[in-house]
Amino acid sequence: MQVLIADQPQDVRADETCAEILGAALSGKKMKKTVACRCAEKFHDLNRPLPPDCTHLEPVYSDQPEGLDIIRHSTAHIMAQAVKTLFPRAKVAIGPAVENGFYYDFEFDRSFTPEDLAAIEKEMERIVARDEAFSRRDVPVDEARKLFLSCNEAYKLELLEDMEDDRVSLYQQGDFIDLCRGPHVPSTGTLQSFKLTSVAGAYWRGDEHRPMLQRIYGTAWASDKDLKKHLQQLEEARKRDHRKLGAELELFTFSDQAGPGMPLFMPKGALIRTILEDFETKEHLKRGYELVRGPQLLRRELWKKSGHYDNYRENMYFSEIDEQVYGIKPMNCLSHMLIYKSSLRSYRDLPRRFFELGVVHRHEKSGVLHGLMRVRQFTQDDAHILCRPDQLQEEIIRIIRLVQDLMQLFDFEYDIEISTRPEKSIGTEEDWDRAIQALQQALEHLGLNYSINAGDGAFYGPKIDVKLRDALNRQWQCSTIQCDFTLPNRFELQYIGQDGERHRPVMLHRTILGAIERFMGVLIEHYAGALPAWLSPVQARLLNITDEQQDYIQSCREKLRGFGLRVEADERNEKLGFKIREAQMAKIPYILVAGNQEMQDQTLNLRLRDGTQKGSLSIESVADQILKECQEPFTRGGMSYSFTY
């Protein structure tokens with residue numbers, strides 16, 4: 001029989017393994033990089049026979065995304081084997097590959113320590129050195145159940161109960177056996193470049209009513225060079241952690257008394273978000289949006305009508321008032337539809353673009369809360385556009401252009417996905433198809449590439465997700481554009497068409513920065529706390545060398561504030577070097593020093609937070625330089641903004 005490999009036909013025997021077939025067709029260098037194979041979009045182990053009816057066999061290389069996933073999942077199995085060797089009483093749960101790494105969940109009667117992680121890693125190295133083969137066997141479910149019952153693996157038994165197949169696959173390396181679909185690398189010796197990174201708590205199956213397990217995280221790569229690069233990036237990420245910088249820069253805090261997931265913004269942090277919100281509000285007004293505001297509580301019946309009660313209520317909070325149940329809003333769309341419905345609309349009135357910086361609450365599980373990135377109360381830069389079907393594509397294009405402008409303002413690269421219908425959803429297939437087509441056509445009109453994220457749409461419609469990439473090339477979900485034919489129908493929204501008949505509008509749900517809190521966290525890490533001058537809560541700090549200049553720097557502060565700049569003075573009786581270092585640690589863009597010479601010349605010695613010295617300038621020149629730097633990002637993006645406070 002013949003099989004295509006790299007578009008070249010190869011004669012093969014039916015009893016040959018995939019490794020033997022590929023080994024005869026590929027160079028030694030390519031074969032060394034091959035960790036699995038693919039046939040008809042299905043992945044297979046190299047040491048298995050050629051799948052029946054396979055006519056095109058592709059190698060999967062270690063440096064491809066699919067290859068890295070296989071490496072990471074295989075490394076998770078090695079970690080589980082090491083844990084069971086060192087801690088036989090530990091019970092294993094699940095261990096998938098994740099972005100940049102892997103994890104495995106365990107039940108154990110004490111907390112794993114950093115010393116335990118070091119010991120586990122050493123045992124993993126011994127397993128790798130033994131170069132044990134990964135072997136697969138397909139068995140009846142009853143046989144697998146007996147196996148895991150004999151070794152008291154309760155979590156594997158629960159997974160088996162949920163499986164509908166009559167047979168399941170088991171993988172074994174050494175004396176460790178796991179329930180797994182595969183595929184895996186040929187042997188443990190393939191895996192050389194890995195590191196365990198942390199341990200955290202995780203509820204079994206993400207359910208806070210189920211046991212709390214211990215999740216050991218690790219990372220694995222195709223080469224030591226890639227591993228080293230990633231570990232350096234992790235170290236840089238630790239330095240940039242917005243929770244650490246938020247405390248150091250006195251931007252925000254959390255309090256057990258207030259409750260988890262409820263951030264408290266200090267004056268500087270509150271000023272940053274005020275600047276962001278003010279800028280966004282003005283930018284939306286310039287682009288034809290109208291400001292609206294809805295209540296925090298809405299009757300439960302309204303959430304039932306929208307479908308949120310059936311499809312989203314586990315994420316909502318409820319309260320009872322006058323024997324009526326109210327839902328605390330997790331999103332703003334219902335209020336905006338009621339505002340639209342408050343009067344009869346004509347086709348000439350459309351589109352209507354309602355914008356609200358709306359405070360919402362969502363019941364996030366405690367295990368996923370993470371600084372500002374995942375909170376229970378947050379503010380969305382939310383808007384809902386109600387338009388005629390013939391206006392839909394142009395409105396989507398307008399939103400995308402706004403996203404592009406703002407991503408450019410903050411120097412973000414980004415990727416785009418279209419998320420399609422999830423299992424738990426409402427609306428007709430026809431409406432979903434129309435909505436997906438509208439999103440695709442708008443992106444294609446702008447010449448933008450996108451990928452499909454199957455099954456991850458909102459329950460009422462598909463969406464465009466814009467995932468920005470920060471300075472460390474990490475992805476963050478911020479902007480989203482959701483196309484909705486369903487809720488306007490449920491709420492009986494109408495407009496009078498040119499024909500005098502009643503018609504149904506289409507609704508676009510959209511955010512640009514997303515949650516203001518989350519976006520602030522992303523910005524803090526993106527800029528390592530050194531925010532652009534226009535967004536810095538303090539743009540300049542004045543330092544005197546001796547008490548003789550105290551009156552002078554106070555007068556300079558007032559003059560600079562007169563230009564609309566945010567300036568403070570450090571008049572402490574401390575050494576100049578100490579005060580300069582403190583200003584740099586506070587990430588203040590401009591450090592302005594005054595000694596007797598500057599006082600005499602009516603100048604200031606200007607330094608930047610990175611240590612660059614600009615020399616002595618007049619107060620007017622200092623103000624001009626700061627204002628010019630503040631305006632530059634807006635000029636580059638074709639925008640304008642009065643950023644002074």
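More than 12 heavy atoms of other shown residues, nucleotides or ligands fall within 6.0 angstrom of atom CD in Q233. The number of heavy atoms from other shown groups lying within 6.0 Å of CE (M585) does not exceed 12. By the neighbour-count criterion of 12 heavy atoms within 6.0 Å, atom NZ of K587 is densely surrounded, having more than that number from other residues, nucleotides or ligands. Applying the 6.0 Å contact sphere to NZ of K229 captures no more than 12 heavy atoms from other residues, nucleotides or ligands. No more than 12 heavy-atom neighbours from other residues, nucleotides or ligands sit within 6.0 angstrom of CZ on R181. Residue D207 places its CG atom among more than 12 non-hydrogen atoms of other residues, nucleotides or ligands, all under 6.0 Å distant. The environment of R238 atom CZ is dense: over 12 non-hydrogen atoms of other residues, nucleotides or ligands sit within 6.0 angstrom.
For the residue pair T219/W221, the side-chain donor-acceptor check at 3.5 Å is satisfied. No donor-acceptor contact under 3.5 angstrom links the side chains of E417 and Y450, judged on distance only. Checked by atom type, the side-chain pair D382/T511 shows no donor-acceptor distance below 3.5 Å. A donor-acceptor contact under 3.5 angstrom links the side chains of D465 and T480, judged on distance only. Checking H230 against N100 by side-chain atom types alone, no donor-acceptor pair falls below 3.5 Å. D278 and T281 share no donor-acceptor pair across their side chains, judged by distance under 3.5 Å alone.
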Task: Step-by-step ring pair (Phe, Tyr, Trp, His ring centres under 6.0 Å) determination, H384 to F354 - done: CA-CA 5 Å; H384 294 88; F354 296 145; 8.8 Å; no
Task: Verdict with reasoning, H526 to F412, per ring pair (Phe, Tyr, Trp, His ring centres under 6.0 Å) - done: CA-CA 9 Å; H526 179 58; F412 283 127; 4.3 Å; yes
TODO: Kindly determine whether D116 and R110 satisfy salt bridge (charged side-chain N to carboxylate O under 4.0 Å, His left out), including the steps that lead there.
DONE: CA-CA 11 Å; D116 291 334; R110 67 166 177 81; 2.7 Å; yes
Open item on the list: I'd like to know whether Q475 forms a side-chain hydrogen bond (donor to acceptor under 3.5 Å, both in side chains) with D415, so could you lay out the CA-CA distance, the side-chain angles of the two residues, the decisive distance to 0.1 Å, and finally the verdict.
Closed with: CA-CA 8 Å; Q475 278 194 333; D415 301 310; 2.7 Å; yes
Task: side-chain contact (heavy atoms from CB on, under 4.5 Å) between I464 and I396, worked out - done: CA-CA 10 Å; I464 292 173; I396 297 171; 4.3 Å; yes
Task: side-chain hydrogen bond (donor to acceptor under 3.5 Å, both in side chains) between W476 and D470, worked out - done: CA-CA 8 Å; W476 302 99; D470 68 9; 2.9 Å; yes
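With a 6.0 Å cutoff to the six-membered ring centre and a 45° limit on the axis angle, R273 counts as a cation-pi contact of F265. With a 6.0 Å cutoff to the six-membered ring centre and a 45° limit on the axis angle, K84 does not count as a cation-pi contact of F176. The side-chain tip of R210 does not point at the ring of Y203 from less than 6.0 angstrom away and within 45° of straight on.
Aromatic ring centres of F87 and F108 lie closer together than 6.0 Å. Between Y171 and F134, the distance from one ring center to the other does not fall under 6.0 angstrom. Annotation: Y104 is in aromatic contact with F106 [ring centroid separation under 6.0 Å]. Taking the six-membered ring wherever Trp is involved, the centroid distance between the rings of Y312 and Y460 does not fall below 6.0 Å.
Not one N or O on the side chain of R376 forms a donor-acceptor pair closer than 3.5 Å with the backbone of G261.
Ring geometry for Y289 against F355 counts as perpendicular: the plane angle is over 60°, on a 0 to 90° scale with 30° as the lower cut. The aromatic rings of F410 and W534 are tilted relative to each other, their planes meeting at an angle between 30° and 60°.
Y309 pairs with exactly one of W303, F459, F318 by the ring pair (Phe, Tyr, Trp, His ring centres under 6.0 Å) rule, that one being F318.
Note on E236 versus R240: salt bridge recorded, some NZ/NE/NH1/NH2 to OD/OE distance being below 4.0 Å. Comment: E158 engages R205 in a salt bridge, judged by a side-chain N to carboxylate O separation of less than 4.0 angstrom. Classification of E356 and K329 as a salt-bridged pair holds, one side-chain N sitting under 4.0 Å from a carboxylate O. Note on R421 versus E429: salt bridge recorded, some NZ/NE/NH1/NH2 to OD/OE distance being below 4.0 Å. Between K424 and D310 there is no salt bridge, since none of the side-chain N atoms of the basic residue sits less than 4.0 Å from a carboxylate O of the acidic one. Salt-bridge annotation for K91 and E153: absent, with no side-chain N of the basic residue lying under 4.0 Å from a carboxylate O of the acidic one.
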In residues 245-258, what donor-acceptor pairs under 3.5 Å come from side-chain atoms, sequence neighbours left out?
{"unit_1": "E248", "atom_1": "OE2", "unit_2": "K244", "atom_2": "NZ", "d": "3.2"}
{"unit_1": "S255", "atom_1": "OG", "unit_2": "Q257", "atom_2": "N", "d": "3.1"}

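Taken to the nearest 0.5 Å, the SG atom of C478 stands 4.0 Å off from the CG atom of L468.
For H370, the side chain to side chain donor-acceptor pair (under 3.5 Å) criterion is met by R243, not counting sequence neighbours.
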